[in-house]
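Accompanying notes for the structure given below.
One is the number of the first residue; the rest follow in order along the sequence. The figures that follow rest on heavy atoms only: side chains count, while hydrogens, waters and symmetry mates do not.
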Amino acid sequence: MADDQTPSDRIEALEMRLTYQDETIDTLNQTVTAQWKQIDALTRQIAALSERLAQAETSVAAPANERPPHY
């Protein structure tokens, strides 16, 4: 800020900066909230897939390292 500005000009400039910062913080908060929702959804999907994989592994008849019958 220049020294020749009036106090009301300085106050107006500071208010504009505060408004910009508030808007930026709101935008960042929205972004972080959306990302956490995505992370939560993906974490739930991974847990469900891990459970399905564990169930599939227990229902397999033969061990995984057994050779196929044509050998």
Side-chain angles (χ1 to χ4, degrees):
M1 285 190 240
D3 290 336
D4 60 347
Q5 286 184 328
T6 65
S8 63
D9 289 340
R10 289 181 182 177
I11 289 172
E12 185 177 332
L14 290 171
E15 287 175 346
M16 288 190 320
R17 285 183 185 178
L18 287 173
T19 300
Y20 174 77
Q21 289 175 348
D22 288 343
E23 290 172 356
T24 302
I25 289 170
D26 287 342
T27 301
L28 289 173
N29 283 338
Q30 290 173 0
T31 302
V32 169
T33 300
Q35 289 175 344
W36 274 111
K37 286 179 182 179
Q38 289 176 338
I39 289 170
D40 185 49
L42 291 172
T43 302
R44 290 173 191 247
Q45 285 179 351
I46 288 172
L49 289 172
S50 295
E51 186 177 317
R52 286 179 56 196
L53 179 62
Q55 289 174 353
E57 287 174 344
T58 58
S59 66
V60 172
N65 60 356
E66 187 175 300
R67 289 185 169 203
H70 64 279
Y71 279 99

* Kindly indicate, with the supporting measurements, whether the criterion side-chain contact (heavy atoms from CB on, under 4.5 Å) is fulfilled by Gln21 and Leu18. => CA-CA 5 Å; Gln21 289 175 348; Leu18 287 173; 3.8 Å; yes
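With rounding to the nearest 0.5 angstrom, the CD atom of Gln45 is 10.5 Å from the CG atom of Asp40. Summarising the geometry, atom OG belonging to Ser50 is positioned 11.0 Å from atom CD belonging to Gln55; distances are rounded to the nearest 0.5 Å. Atom CG of Leu53 and atom CD of Glu51 lie 11.0 Å apart (nearest 0.5 Å). Distance check: Leu42 CG to Arg44 CZ gives 11.5 Å after rounding to the nearest 0.5 Å.
In this structure, a donor-acceptor pair under 3.5 Å is present between the side chains of Thr6 and Asp9.
Met16 and Ile11 fall into different hydrophobic clusters, defined by Ile, Leu, Val, Met, Phe, Trp and Tyr side-chain heavy atoms under 4.5 Å apart, directly or through other members.
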